[in-house]
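Single-structure report; data block below.
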There are 2 protein chains.
Amino acid sequence: MTPRRRATLRDIAAALDLSVNTVSRALAGKDAVSEETRERVRREAERLGYVPNTMARSLVLRNAMAIGLVITNPSNPFYARLISAIEERGRVHGYSLMLMVTEDSVDNERRVAEELMRWGVDGVLAVPVQHGADHWDRLRRSGTPVVLLNRDLPGLDADLVGVDYYDSARRATGLLLDGGARDLYLVEEDLDISPVAERVRGFRTVLDERGVTVGDDHIIRVPTRRRESSSQPWDPVDSYAIGRELAARVGPGSAVLAGNDYFALGVYRAFTEHGLAVPGDVAVAGHGDHPFAAYLNPPLTTVRLPAAEVGATAVDRLLERMGGEGGEAATGAPRTTLLPAEVVVRASTGSTGSTGTEVP
Amino acid sequence: MTPRRRATLRDIAAALDLSVNTVSRALAGKDAVSEETRERVRREAERLGYVPNTMARSLVLRNAMAIGLVITNPSNPFYARLISAIEERGRVHGYSLMLMVTEDSVDNERRVAEELMRWGVDGVLAVPVQHGADHWDRLRRSGTPVVLLNRDLPGLDADLVGVDYYDSARRATGLLLDGGARDLYLVEEDLDISPVAERVRGFRTVLDERGVTVGDDHIIRVPTRRRESSSQPWDPVDSYAIGRELAARVGPGSAVLAGNDYFALGVYRAFTEHGLAVPGDVAVAGHGDHPFAAYLNPPLTTVRLPAAEVGATAVDRLLERMGGEGGEAATGAPRTTLLPAEVVVRASTGSTGSTGTEVP
DNA sequence: TTGAAAGCGCTAACAC
DNA sequence: GTGTTAGCGCTTTCAA
């Protein structure tokens, strides 16, 4: 290899006996350059394999052409799809992505917030760990717009784009009630984050409205072990353990709503092993519509989350705040946008009397 | 908000009546600065909320402190884990990640390669689309080290860190043969990429060695529909269709090895619906050990891929080539490192006479 | 239409 | 120890 120096504007200018300035304008497609010169410059740039230096450009223009994306765990299928959607939408607008992973650790989050400030990214999209927001506050005060993804962080001057989990839990719970269940359980992650809180609230509210009473012990928290099994998605193993306990308590008229499909899967298996029929003895529904959900036996009723829409909307919102495309940066109070999720009814809730064959 | 300008070294210098230079050295922890001055500088920096400007620093130091990560599809659980591992290892060494997604499109890949050149990243880790490598060649010739992830790209001057799929296919196939199967099928993605080729080779080789003959129609290609279902992982729907066809052909003595667990899942379901027992009528094994594999009914025998190890090794290799930590950049012919995968035996192959209860 | 000069924020080389 | 000068590669005044 010839690790030779990259060609710069200066090289082109020297070769053509022009000023750096003229070359810059020629390549930038500005007027005030003769067509002939422009053509010569283009050719020489091509010949030299010139590639503009983004950092130098950013330095003088004072915009980084990069946005920071902070994710707790890329192995979570929802976040994986979010990443794709955001990357795509970002690139369409000319922005590159600096990806940072927190693994749900505040320490990591603090570090990446600092890192993002150093880079001077034009904006930040973040799934916050949701404990302490001083570092995000600093970032905000330095003038960097922040849009929160999926999880709220009250008190922070930042928009939020997420999923309407309150509504999704309401509808999923309603479906279970409609199916005749009266002994309902909610299995959720043991994290103090808004999506969980919202689902709990939705679950509770519908039960209240319908006059169904369940004890507090029907809202079950699955211990989170993300940090140990670094960068694994939720592991069904913990919900499996819970499913085994549950197996002794449930029976006809029982139903389990899980905060994510992995939990549903663990419970599922525990039930099956215990000789319980799904949905005969107990109905089960999940959240996420992960690719495996439709192929389980029986297929799993679940909530399909609008990952791509959340991602695209979040980028758009950030762009508004950044004042992209030369427009004025939008100001004003933080906006919250919660996108609706769709309940996908399959055989595990028996609600349709389905035979379990309706593979999507 | 007060989108006030970020504090710079100059601001600190002015406030303290020092030169920018002294401030720089004080903060950089170099000698040739009195302890007293250093303390004053530190305090003022703190007071002003000073954050160093990475881009300016990179520009003069001529290293970006960033590496590019090019992924075909973050929703593939293997790549998701790869991303986490790489981000972590990179950050340990002070490198930030520029993430680019190609969705297996060469056009996208060309664009991101160009983008990475503009950023002048110090190195690139890429899962190549594997059709045409001119853009990677250009990148290489500009002096940027490239390490390929998981897929080979012969002819390119770049290291490769991946999984030994030849070996994994050999062992998985051997397991099926040991279980008594003689009518073997391999279900693979319809992509012209090295992992698929290696698995096919492994499959074929073992059969030859054992004197088992199967027709060419036993190697089945599942059409890839990634681009349409943008940023979805493999969808079991296509393998499900194939599973339905297969259901009519298989019976005791048959076995199916799938190139990934999603394919196994689709086949699984088709078989179950058709009244075939797994592993009684047909054994099934997958690749990837996705989190759902152990919880299927019966639990799926599969190959556990060393995602974290691949990621960490790839970063290390890249660092060597970059000559990080002040060391000399390693030169020399491209190196290939294939990490071994582990076959996880579960009930779907019946090889252990397992009852299907050994949840991991 | 083109060029000269200044500067983005930082670090390195060399003076003092 | 500290300051001065120069320069990374680029864009933007402002003159010519």
Side-chain angles (χ1 to χ4, degrees), chain A residues 4-42 44-45 48-66 94 117-122 142-143 326, chain B residues 4-42 44-45 48-66 94 117-122 142-143 326:
Chain A
R4 65 175 189 291
R5 207 174 45 74
R6 279 170 63 177
T8 70
L9 288 187
R10 196 153 60 150
D11 299 326
I12 302 177
L16 262 35
D17 202 30
L18 287 170
S19 76
V20 170
N21 189 330
T22 304
V23 175
S24 168
R25 283 187 328 240
L27 256 22
K30 309 230 167 160
D31 343 337
V33 178
S34 76
E35 256 323 309
E36 192 215 324
T37 306
R38 193 188 303 279
E39 212 20 71
R40 286 177 59 216
V41 169
R42 279 220 191 91
E44 186 63 15
L48 260 37
Y50 171 75
V51 175
N53 183 322
T54 296
M55 295 221 191
R57 190 165 198 280
S58 292
L59 190 58
V60 45
L61 258 32
R62 330 178 111 262
N63 66 346
M65 291 317 287
M117 293 202 66
R118 289 170 184 250
W119 277 105
V121 292
D122 302 314
S142 82
Chain B
R4 66 174 189 291
R5 205 173 46 73
R6 280 169 64 177
T8 70
L9 287 187
R10 222 214 324 214
D11 299 327
I12 302 177
L16 262 34
D17 202 30
L18 287 171
S19 78
V20 170
N21 189 327
T22 302
V23 175
S24 168
R25 282 187 327 239
L27 256 21
K30 311 228 168 166
D31 344 336
V33 178
S34 75
E35 257 322 309
E36 192 215 324
T37 307
R38 193 189 301 282
E39 211 24 70
R40 286 176 59 215
V41 169
R42 278 221 192 91
E44 186 64 14
L48 259 35
Y50 170 75
V51 175
N53 183 324
T54 296
M55 296 223 190
R57 191 165 197 279
S58 292
L59 191 58
V60 46
L61 257 31
R62 327 176 114 262
N63 67 344
M65 292 316 288
M117 292 202 67
R118 289 171 185 252
W119 277 104
V121 291
D122 301 314
S142 83

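First the proteins, then the strands, lettered A, B, ... as listed; each starts at 1.
Proximity of B/Val41 to B/Thr22: side-chain heavy atoms (C-beta onward) are nowhere separated by under 4.5 Å. At a threshold of 4.5 Å between non-hydrogen side-chain atoms, the residues B/Thr37 and B/Leu18 count as touching.
When all heavy atoms of A/Arg5 and A/Thr8 are compared, the closest pair comes out as NH1-CG2, 3.6 Å. The two residues B/Gly120 and B/Ala64 come nearest to each other via the heavy atoms O-CB, 3.3 Å. A/Trp119 approaches B/Met65 most closely through the heavy-atom pair CZ2-O, 3.7 Å. Between B/Ala56 and A/Leu59, the closest heavy-atom pair is CB-CD1, 3.8 Å. Of all the heavy atoms in A/Arg38 and A/Ala26, the pair that sits closest is NH1-O, 2.9 Å.
For A/Leu9 and D/dC8, the CG to C1' distance is 13 Å, given to the nearest whole Å. For A/Trp119 and C/dC10, the CH2 to C1' distance is 14 Å, given to the nearest whole Å. Atom CG in B/Asn21 sits roughly 16 Å away from atom P in C/dC16 (whole-Å rounding). Taking atom CG of A/Asn63 as the reference point, atom P of D/dC10 lies 15 Å away to the nearest angstrom. Remark: C1' of D/dG9 and CZ of B/Arg118 are 14 Å apart, rounded to the nearest angstrom. Straight-line distance from the CG atom of B/Leu27 to the C1' atom of D/dT2: 16 Å, rounded to whole Å.
Between B/Arg62 and the phosphate of D/dG7, there is no side-chain N or O to OP1/OP2 separation shorter than 4.0 Å. Residue B/Lys30 has no polar side-chain atom (N or O) positioned under 4.0 Å from OP1 or OP2 of C/dT11.
Looking at residues 53-61 of chain A, you'll see A/Asn53, A/Ala56, A/Arg57, A/Val60, A/Leu61 sit with a heavy atom under 4.0 Å from some atom of DNA chain D. Sorted by residue number, the members of residues 10-20 of chain B with any non-hydrogen atom under 4.0 Å from DNA chain C read B/Arg10, B/Val20.
Residue A/Arg25 places a side-chain atom within donor-acceptor reach of the base of C/dG3, judged by atom type and a 3.5 Å distance cut-off alone.
Closest contact between the side chain of A/Ser24 and the listed nucleotides C/dC8, C/dC10, D/dT11 involves D/dT11. Comparing atom distances between the B/Arg5 side chain and each of C/dG3, C/dG9, C/dA12 picks out C/dG9 as nearest. Out of C/dG3, D/dT12, C/dT1, the shortest distance to the side chain of A/Thr37 is found at C/dT1.
Listed by chain and number, the residues in a side-chain hydrogen bond (donor to acceptor under 3.5 Å, both in side chains) with B/Asn21 are B/Arg25 (sequence neighbours excluded).
Under the 3.5 Å distance criterion, the side-chain polar atoms of B/Arg6 are matched with a main-chain donor or acceptor of B/Pro52.
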